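Presented below is the structure to which this report refers.
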Amino acid sequence: DADVAEPRPAAGAPASALPWVPRATSRDLLDSRGLIFSCVKRQHWELLLQATTSPTTLNHDEYDDPKDIRKIKVNRVKATPQRLAGIDSVWERVRRSVFGQLHKELRSWSDSCLRRAYVGKGHGGQKRCFTVNFIGEGVNDYGGPYRAVFEQVAEELQYDIAKEDEGGRARSRSGRSRTVSDLDMEAEAHDAEMAPGGQDLADGGLSHCLLPLLLPCPNRAASVGDDHDTFVLQPAEGLSPHLLELAQFLGKLMGVANRHGLKMNLDFSQQIWRIMTGVPVSRENLAEVDLLTTRRLETIEKLLQQRAAAATGAEAKAAESSMLPGWDAFSLSTNLSDGSVVAINVPNAPDEEKHLKPEMARSFIQQVEVLRLSEGRALLAALLDGLSRVVPVEALSLFSPREAQELLCGRRDISIPLLRAVAEYDGGVSEDDAHVAWFWDILEELNSEQRVQFLKFVWARSRMPASVQAFPMPFKIQAPIGEASVQPDAFLPSAHTCFFSLSLPKYSSKAVMRRKLLYAISNSPTMDADVRLHNADGWNDL
């Protein structure tokens, strides 16, 4: 990181011309953040969280939740991503989504309420500031439902539902094409509570995800670059207050999750993490999300080099660049991450000029870089504002971008050796049992997506803690009870997400176990092990 510019004497003046100004300790810390162990930074962060936690007055009966810990009703049945994808109206999707339901319930809460970290008796050590009632799912919230709402919010925000077709229209999975004007009219027609600001997406911008905050990075759409799975913030200008409020609320949810030991499965680009930690961004970071634009800028630079080589008589150098396109191939515009086209106003360019000229090139390159590297700053500022209301964001500057990503959103990879290191065996199950050895072999053989499905199945999380010490509870493998212990091949494995436990039948072969386990983790979208209820709004349509 570059040092802050300090006062310097004028050229030729003695060094003593200015008084000595001591450097601030905070600046020294920032300059040395790469030398501080990550574990020390995390310990400091945890101490800050503890110091800023809001107190919670306990109930006289330790098994009853305090009155400050309110119950939030959430209907996941009508908010599955697949069902939301069939809704054309962006704001109707927001209203029905788990994210929208939480926003409606929590938007009036004070910031101090969100900074609570209550741990209920028998809740497996799960910190919380509210409890969850999943309508129609018959499950008691001992931790699993609380973790699950954060998981579903992340899934909704990053669920890609649309692609641009050749006509510049967005085609949803319901099959109907929609233009930008459709989105504008939806926002204008929506009720004042959900969309008070009317139009939220700038002309030319289309929402590619269920909810209008995030977009898949351009590299994903173009299938180029090394990392296709990251998301960027909506770059549109003139955002309504409501969309900014949603971004702020997302920041609050990220802060709540972090306070309570959860990792929101959000795959922000490194450009976002660099800005959040105060690290400068450059064209290299733009290439991580939009390689085609950076290649375009590099081609323009090569044309400038070709022109300079020709002017100096360097024929060999000019010959190397003879295959480059002409200047007429470049217009005075650039694409944003949402596909919209923005004109670049180059100084002294004629108003009628549409194509790039050599004398405009350097100014054009500079302006495109500034524009593209500042995309989404309005939403990011709102997100950081929300985050700052729940956690001490000032301390994020101690972390590197990767460290901050791991702190707030965890690691993408699911480490089976780490999971095995925190495993305990109960109910007569031993680590040396043959079916337990099959189980660990099967987990090692799963791909990344299947490992995430398994972790959601047993713990309602998609990201693991970074170390054994960071796990709030062990992973328990237990023997099944009842008929499953007598006829194991006739039953599926079952899990208790609140207690991070798996009931694993003693199957007759590894092949049978693999088939049963994969079916279970792929077909368990709801929680209903405590009470059988199918009375939620939306069940009748299934």
Side-chain angles (χ1 to χ4, degrees), residues 2 5 164 166-168 180 201-206 215 217-225 232-239 269-272 274-275 279-381:
E164 292 282 343
E166 294 182 357
V180 175
L201 301 178
D203 290 343
L206 294 174
L215 291 169
C217 70
N219 281 351
R220 180 173 179 174
S223 298
V224 297
V232 296
L233 290 163
Q234 178 67 247
E237 297 294 332
L239 299 172
S269 68
Q270 281 300 300
Q271 182 175 324
I272 292 177
R274 291 178 73 90
I275 296 171
V279 178
V281 292
S282 63
R283 187 189 299 179
E284 179 182 349
N285 305 117
L286 177 59
E288 293 172 354
V289 296
D290 193 347
L291 185 59
L292 296 184
T293 292
T294 56
R295 286 178 176 173
R296 183 170 180 248
L297 298 181
E298 289 168 357
T299 300
I300 294 173
E301 288 177 333
K302 289 178 181 178
L303 280 173
L304 287 175
Q305 294 172 2
Q306 176 190 33
R307 189 167 182 263
T312 58
E315 298 180 0
K317 183 68 177 180
E320 291 178 6
S321 304
S322 61
M323 299 301 292
L324 294 175
W327 289 100
D328 288 345
F330 301 96
S331 63
L332 287 171
S333 63
T334 189
N335 290 84
L336 300 182
S337 294
D338 62 355
S340 59
V341 179
V342 177
I344 302 298
N345 297 316
V346 178
N348 302 322
D351 293 339
E352 66 278 4
E353 186 61 63
K354 302 296 183 182
H355 297 286
L356 184 66
K357 301 298 182 183
E359 59 273 15
M360 310 173 185
R362 297 203 179 279
S363 177
F364 176 83
I365 292 171
Q366 182 181 16
Q367 289 194 53
V368 169
E369 286 185 350
V370 171
L371 177 65
R372 294 303 310 277
L373 291 173
S374 62
E375 275 187 1
R377 290 294 179 100
L379 285 184
L380 182 55

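Worth saying up front: this structure is predicted, and the values here are computed from it rather than measured. Counting begins at 1 with the first residue of the sequence.
- Taking every heavy atom of both residues into account, Ser374 and Leu371 meet most closely at OG-O, 3.0 Å.
- One finds the CD1 atom of Ile365 at 11.5 Å from the OG1 atom of Thr334 (value rounded to the nearest 0.5 Å).
- In this structure, Ser363 contributes its side chain and Met360 its backbone to no donor-acceptor pair below 3.5 Å.
- Pairs of residues two or more places apart, or lying in two chains, that qualify as salt bridge (charged side-chain N to carboxylate O under 4.0 Å, His left out) and include a residue from residues 284-300 are Asp290-Arg372.
- Between Trp327 atom CH2 and Lys357 atom NZ the span is 10.0 Å, to the nearest 0.5 Å.
- Expressed to the nearest 0.5 Å, how far OG1 of Thr294 lies from CG of Leu292 amounts to 7.5 Å.
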Checking side-chain contact (heavy atoms from CB on, under 4.5 Å) for the pair Leu286/Val281: CA distance, chi angles, key distance, verdict?
CA-CA 8 Å; Leu286 177 59; Val281 292; over 6 Å; no
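- No side-chain donor-acceptor contact under 3.5 Å links Asn285 to the backbone of Ser269.
- The shortest non-hydrogen separation linking Ser337 to Pro235 is N-CG, 4.3 Å.
- Shown here are the side chain to side chain donor-acceptor pair (under 3.5 Å) partners of Arg283, two or more places apart in sequence or in another chain: Glu301, Glu369.
- The closest side-chain heavy-atom distance from Val370 to Leu373 is not below 4.5 Å.
- Between Arg377 and Ile275, some side-chain heavy-atom pair lies under the 4.5 Å cut-off.
- Residues Pro347 and Gln367 have side chains in contact (heavy-atom distance under 4.5 Å, counting atoms from C-beta outward).
- Separation of atoms CG (Leu379) and CD1 (Ile272) is listed at 9.5 Å; rounding is to 0.5 Å.
- Legend: residues meeting side chain to side chain donor-acceptor pair (under 3.5 Å) with Arg220, ordered by chain and number and at least two apart, are absent.
- Side chains of Leu304 and Arg362 form a contact here, defined as non-hydrogen atoms less than 4.5 Å apart.
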Verdict with reasoning, Glu375 to Leu233, per side-chain contact (heavy atoms from CB on, under 4.5 Å):
CA-CA 8 Å; Glu375 275 187 1; Leu233 290 163; over 6 Å; no
